[in-house]
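Okay, structure first, notes after.
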Amino acid sequence: MATPDPTTPKSLGEKLQSLPRGILYLILVICTSVPLFFNIPVPNEPTQAAKDLFNALNSLPAGSTVLVGSDWTVSTRGETGGEFDALIRILMRKGIKFAVYTTADPQAPEVARDEIVMLSEDEKKHGGKGVERWNDWVSLGFFPNAEATANLIAADPTKAFGSKKDVKPDGTLGSALSSPVLKDIKTLTDFKMLILVTGTQTSTVTIERLSGKGLPLGMMVTGVMGPETAVYYDSRQLNGLCAGLKGVYDMETLMDGTFKGQVNFGRGKLYYPTLHFALALLIVAVIVGNVGMMISRKGKA
Amino acid sequence: MLFAQVEKTFWAEGSGSSALWLKILMAVVVGFGLTFAMLKLPARGRRTLVVGITFLAGLYWVLYYLWPQPLPGRLANGSPLPHGQPRDLVESVGFWIKDAQPVVSDFANILSSFLLGLGVFSIIRIHGRKLFRRQPDWGFSAVLFLAMIAMVIVGYVNYYQTRYTPGSSKLELPSNWGSWQFANDLLFNGLLQQMDAAMFSVIAFYILSAAYRAFRIRSVEATILLSTALIVIFSLMGIVAYEWNNAVAHIPGATTGGIAGNFSLTEIYKWINQNVQTPAIRGIDFGVGIGALAMGLRLWLSLERGGASAA
Amino acid sequence: MVLNYDTLKLTLGVIATIGLYSVLYRENKFYRFWEHIFLGLAVGYAIVALWTETLKESWWDKMVGSVPTGGEAGNPGYWAYALLLPIGLMGYFVFSRKHNWISRVPIGIILGLWAGQQVQVWWNRYGPQISSSIRPLLPNTTSSFTVPYIQNPSSGQLEQLRAQVYPSQAISNIVFVFTLLSVIAYFLFSFEAKNRLVKSMSLSGRWLLMVGFGAIFGSTVMMRFSLLIDQMYFIWMEWLTHHILGR
Amino acid sequence: MNNVSSWHGVQYQDTGWFGVVITLLLVSFILINIARAGKNQNLFIRRIAGLNAIDEAIGRATEMGRPVLMVPGLGDLNAISVQALNIFAYVSRTAARFSNPIRLCCGNAAVYTVAQEIIRDAYQQEGLADRYDQDSVRFLSDRQFAFAAAVSGLILREQAAAAFFLGEFFAESLIFAETANSVGAIQIASSTQSTQTPFFIAACDYVLIGDEFYAASAYLTRKPVLVGSLIGQDWCKISGIAMVLGGSLLITPALGIFSQKTINRTSVQGLDVPTTVAYTGVAAGEPLRPFEKHAGDMVDSYVIDSKTGEVQQKQVPVVEGEKVDVIEPRLITPADTWLQRFFQPQKNKALRVEREDDPKPKEVVYGSDPAGVALITAASNSNPCVLTATGHGLKNGDQITIYGGWGGWSVLNGTFQVTVLSPDTFSIPVDASQAGDFKNQNPTLAHEVKPATEGEVKK
């Protein structure tokens, strides 16, 4: 659109209709940073889907092994990162072993690894056990072909992960299958659950190929993917689902109810209230624009 | 334990065998030979050649779709079935098409990777000229080259060290990293990935200004766009949704299947999503799919003169 | 303030982020600097990934094969892959004024393969969509407007529920089918929309499109904002508070 | 499989002949019309707003003496990017006439190669080859956001006066659109990614929605080939409309085309239905999936009067060859299942297995699920291992090949000689005493019988 000619003085209506971007952007920065420093309570009723997911996780027996699909990277960290944190904290506290695999992005395993290490440190700092690679969790790395991988995992995890190696505490490599985490895994159902944290379409791939195999399936997706994934939750192909920032906050709220006095709140509690300010700003901006338009229309009339 | 290699055929030679290297060498030589032969090709032959090659390439997938594939020689989980052997021409062709599939699927990918050099060349030419002709902003071109060279060197050295050096497995753990790993981590994770995320998040600003400008009750369309967007946004705003849904829940029968139950914000959004958004998008995609099909046919059969199909 | 590798890494990241954000105010040298760094790194990485993520596995390894190693079967080498190299390099004739047509050979192959696939995948892609768009349009019961709510229904009851199209479902289905059809109708090009029906169809098609687009816009906003918030967190918390102020 | 014709292809088991026929039908629609168009030149195409603006945009750029920017999206080299380039060829031809500078930024090297070619041609056809500057067509980066940063930098620095964003765009679409908008460029945009279209609509002056993008070149050039194929596409869309509308009317029970239908319901894991009914007012779930069972298995059967939705339930055994449908939360009528046969790529493929002495072949079925739908339903932890397979119809000395065994039970995978113990059980010489619990490791196993001569036998 042509920028309005600056020489003619603007009426209020025109002013309201053409606020300089700079100002808008500045306000947005403020709206998205200032609330981060305050802890603003937002009433929250976790969705049934999130509750189901949390209960499924919470009822896993200690020492059992779950499979974690980590298909997110820095670019969607705002949502998936929070979900991953919540998930891993729960697993750590319940003493559940987990194997992390990726079918989306060659960088994802590294991102997941760093996140887990960071969380483990944090848990230890607050008196938790934390986890040790190889003994409590293994990184199975990146699998190029999502469909084939899902099929193979369903058919025979030992085949799927057979070639994968991971680092022992002494720094040498060992076959992931021989690790304490996977040594008892013979078939798919030896995993107690599969939780997929994803910012891409690997969700549908996984559901199509791994649901209904007697393995409980949980999913943590971005806000955009929420509605389409909810369909599978309604048809009970998913045992639980948490979507977007709301999902993160739901998980944290639920954790707070169970793990009293531990670090339960993370991105969710920080980001969710902040999100409200951002969205509110958007709505206000739209209103201002329209009011401006009406005023100037009146002016013309 | 050792596994035997599959038996040698005309196409397959034992890995590392001199026969293999010889054949590879010959293939390359012949390939380049043909290329230079093509330089001599008369103008008439050129179009025919390109059209023919294009057609053959496309023909594979069409056959793959239409030619009857023999009933599975092996199961989804890899265990073989007894009769995986062709009985007649139809089936042997079928088997051939089936076996070729994983190979052919890679072609496009490999070929376009070879073309990357052209892209890099374009960059080098543009910024190289700026740099050496000292055109305005030549400094930035220099920066670009530095960054590029650094990334290439660090990337490959790190790749080599983490793959092909003894004890490379240790490098999995940051605690054992050497300077190359740190350099790689700094350039790739510290900068490149971080800048990706930064640029991705810039969109938030643009969404704000775009919404501010576009969402005016100017026309019917704009109004529809605006109001749906607002409903959805509200349903995503925890507090609003929370209060609204509570209010709804207090309508008698709402939580037990009464009609009112459908008017919680989340349900409304879900309904729009499933009964308007989905079919609308499906409608567009259907048209786009047909368009792609038609375009595909025109390219495959080189029906358009000029443009991208063989001139 | 903790001086270590992480601080350095984060600090650089923050400066880069601010550099890229600065374009929001106006194009400036600082942005230009980071833009070119970004480009340089991206191209550099593309050159690295070209081999490490594409050619090595999908071309070289298949061409030269592999010898058996502990526990892993060896593969023979398929020499014919070597032919792809010259074919690919034909693309470089594009700059030649005389022989640029040769560059159409690899292009032709790539496009041909793509085109053939369209024919192959079309039905698998759209068949299921068509089928799942086929829905009963009229209710066969009026016992209740929406599907009655039953706590843990018996399978018999479930069948009952599923067997019946309740008015609410019928309405939704009609909306669904109408939306789909009118949108497709909107994209008919070779007809003069003289006929009133066609006209109103395609008009409503356009409006329903806008509903869909509005919904997409709205649902995307949340994600985009949370990514921005995450960046802000990265700057203010991870970097400033934790590493610089060392809290 | 001697008596199965070699023309009996797997892919036809997937989608049936229906899918193939429809596809070929659409293809012929397009080709026929292309042929038709070759003859008569004046065929109608309705007005497409965005495209009339192209010349206006270029004209404006010329007045301001500022470049025209073109971006063919981030996609690989395929029809989408080629189509974009064809439109850009038109744009650059006009620009060339006004000797207006152009900038074409590619995010993919292969696309860049074609772009060089096409744009140079465009200039040559205008007889202005000398005005063509190779660097006006550029490759920037194949990394999404690096590309985005570079393009917006370029827009701002060169103050593009007209911007064309046509092709495959993703999240970066808004970055381009808003940046171009901020320098007051006229923008004409289109993304085949319908999820990005709203952002273009919000930020751009003219947007080609979905299919209009493919219609564009026909509209601009009026080449008979293009116009013809456009008409062909319309035929395809109309047949799509017909299919959906016709199908919907067909399965609408109240219209009473089909009044009654027996449904055999089996609960298959994962396809099993929710135990509590979610709120409706939302259209009911996905289409059902045809699913096959073995003779003798008992399944719940419901007689449903689809006019009234009356349901009676009873238990019935499956008869050989009879189809069993897994019910998902939606109405089923014969027309429905009938349509599904055609439309829905079947998830389960049937595999024929014959024995030479067996005139009527026996049906063994396995699914996309590798473990498969079973013939063998139980196995003993003993040596030899005793297997249960209802009505296996084997005779002593037959060889069977078993596949799909998991975990401890992978010992069963292979070819064995059977000793028949009863019509439903037989044993094979395998020590399965350590194999663990059969049921939870192998919901099911599939096997097939081989003529006694073939293959070596594991003893």
### Query
What is the minimum heavy-atom distance between B/L118 and C/Y92, and which atoms define it?
N-OH, 3.5 Å
### Query
So, do C/L113 and B/V104 sit near enough that their side-chain heavy atoms are less than 4.5 Å apart?
yes
### Which atoms of C/V94 approach chain B - backbone, side chain, both or neither, heavy atom under 4.5 Å
side chain
### Query
For the residue pair B/A147 and C/I37, what are the closest heavy atoms and their distance?
CB-O, 3.7 Å
### Task
Identify the two heavy atoms, one from B/S201 and one from C/Y21, that lie closest to each other, and give their separation to 0.1 Å.
OG-OH, 2.6 Å
### Message
Taking the side chain as everything from C-beta on, heavy atoms only, tell me whether B/M237 gets closer than 4.5 Å to C/M222.
### Response
no
### Task
Could you look at C/Y186 and say if it's the side chain, the backbone, both or neither that has a heavy atom under 4.5 Å from chain B?
neither
### Query
So do the side chains of B/Q194 and C/Q231 get within less than 4.5 Å of each other, counting heavy atoms only?
yes
### Summary
The interface call for C/W122 against chain B, heavy-atom contacts under 4.5 Å, is side chain
## Note on the structure
Okay, C/F187 and chain B: the region with an atom under 4.5 Å from a heavy atom over there is side chain
### Message
Can you see whether B/Y206 has C/R224 sitting over its ring - NZ or CZ less than 6.0 Å from the centre and within 45° of the normal?
### Response
no
### Part of C/V183 within contact of chain B (heavy atom distance under 4.5 Å)
side chain
### For chain C, the option from B/D185, B/L34, B/L146 that forms the most heavy-atom pairs under 4.5 Å
B/D185
### Task
Mind checking the CG-CE spacing from C/L39 to B/M148? Nearest 0.5 Å is all I need.
11.0 Å
### Message
Could you measure the distance from the CG atom of B/L144 to the CZ atom of C/R32? Nearest 0.5 Å is fine.
### Response
14.0 Å
#### Entry: Interatomic spacing from CG in B/L187 to NZ in C/K9 - rounded to 0.5 Å
11.0 Å
### Summary
Pair count under 4.5 Å, heavy atoms only, with chain C: among B/L192, B/I149, B/I207, highest is B/L192
### Query
chain C: which of B/V103, B/L208, B/L49 shares the most heavy-atom pairs with it under 4.5 Å?
B/V103
### Message
Report which part of B/F145 has an atom under 4.5 Å of a heavy atom belonging to chain C: side chain, backbone, both, or neither.
### Response
neither
### Derivation and outcome, side-chain contact (heavy atoms from CB on, under 4.5 Å), residues B/F114 and C/I87
CA-CA 9 Å; B/F114 283 127; C/I87 297 177; over 6 Å; no
### Message
Among C/A80, C/A46, C/A82, C/A185, which residue has the highest count of heavy-atom pairs closer than 4.5 Å to chain B?
### Response
C/A82
### Task
Using non-hydrogen atoms and a 4.5 Å limit, figure out which bit of B/N273 sits close to chain C: side chain, backbone, both or neither.
neither
## Note on the structure
Cut-off 4.5 Å, heavy atoms of chain C, and the answer for B/V232 is side chain
### Task
Name the region of C/I109, side chain, backbone, both or neither, that has any atom closer than 4.5 Å to a heavy atom of chain B.
both
### Query
Does the separation of the ring centres of C/F217 and B/F215 fall below 6.0 angstrom?
yes
#### Entry: Pick from C/V64, C/T220, C/L209, C/V221 with the largest number of heavy-atom pairs that fall under 4.5 Å of chain B
C/V64
### Task
State, to 0.1 Å, how close C/G218 and B/I233 come at their nearest heavy-atom pair, and which atoms those are.
CA-CG1, 3.9 Å
#### Entry: Interface moiety of B/L186 toward chain C, non-hydrogen atoms closer than 4.5 Å
both
### Query
Of the backbone (N, CA, C, O) and the side chain (C-beta and beyond), which part of C/L84 lies under 4.5 Å from a heavy atom of chain B, both, or neither?
both
### Query
Distance from C/H99 atom NE2 to B/R46 atom CZ, nearest 0.5 Å?
7.0 Å
### Query
What is the distance from atom OG1 of C/T17 to atom CE of B/M199, rounded to the nearest 0.5 Å?
11.5 Å
### Backbone of C/Q117 reached by a side-chain donor or acceptor of B/Y60 within 3.5 Å
no
### Query
Backbone N or O of C/V121 within a donor-acceptor pair of the B/Y65 side chain at under 3.5 Å?
no
### Message
I want to check something: taking the side chain as every heavy atom from C-beta on, are C/V119 and B/L293 in contact at a cut-off of under 4.5 Å?
### Response
yes
### Query
For C/I216, is it the side chain, the backbone, both or neither that has a heavy atom under 4.5 Å from a heavy atom of chain B?
both
### Task
Search all heavy atoms of C/A16 against all heavy atoms of B/M195 and return the closest pair with its distance.
CB-CG, 3.9 Å
### Message
I'd like to know whether B/L22 forms a side-chain contact (heavy atoms from CB on, under 4.5 Å) with C/W79, so could you lay out the CA-CA distance, the side-chain angles of the two residues, the decisive distance to 0.1 Å, and finally the verdict.
### Response
CA-CA 9 Å; B/L22 192 65; C/W79 56 270; over 6 Å; no
### Query
With only heavy atoms counted, which part of C/F33 is less than 4.5 Å from chain B, the side chain, the backbone, both or neither?
both
### Query
Which residue out of C/L208, C/I18, C/V105, C/I102 racks up the most heavy-atom pairs below 4.5 Å with chain B?
C/I102
#### Entry: Part of C/F178 lying under 4.5 Å from any heavy atom of chain B
neither
### Task
Find the one option among C/M223, C/Q129, C/Q118 whose heavy-atom pairs under 4.5 Å with chain B are most numerous.
C/Q129
### Query
When heavy-atom pairs shorter than 4.5 Å are enumerated against chain C, which of B/L115, B/N109, B/V30 gives the highest number?
B/L115
### Query
Do the side chains of B/T35 and C/F93 get nearer than 4.5 Å, heavy atoms only?
yes
### Task
Please round to the nearest 0.5 Å and tell me the distance separating atom CG of B/L116 and atom CG of C/L55.
9.0 Å
### Query
So which part of B/Y269 gets closer than 4.5 Å to some heavy atom of chain C, the side chain, the backbone, both or neither?
side chain
### Query
Is there side-chain contact between C/V211 and B/Q277, with heavy atoms separated by less than 4.5 Å?
no
### Query
Can you tell if the side chain of C/W207 reaches within under 4.5 Å of the side chain of B/V220, non-hydrogen atoms only?
yes
### Summary
Answer key: most heavy-atom pairs under 4.5 Å with chain C among B/L59, B/L236, B/V62, B/L226 is B/L236
### Message
So which atom in C/K29 and which in B/F140 form the shortest heavy-atom distance, rounded to 0.1 Å?
### Response
O-CE2, 3.6 Å
### Task
Please look at C/S133 and chain B and tell me whether the side chain, the backbone, both or neither of the residue comes under 4.5 angstrom of a heavy atom of that chain.
both
### Query
Highest number of heavy-atom pairs under 4.5 Å with chain C: which of B/W300, B/Y159, B/Y156?
B/Y156
### Query
When heavy-atom pairs shorter than 4.5 Å are enumerated against chain B, which of C/V175, C/L41, C/V14, C/L10 gives the highest number?
C/L41
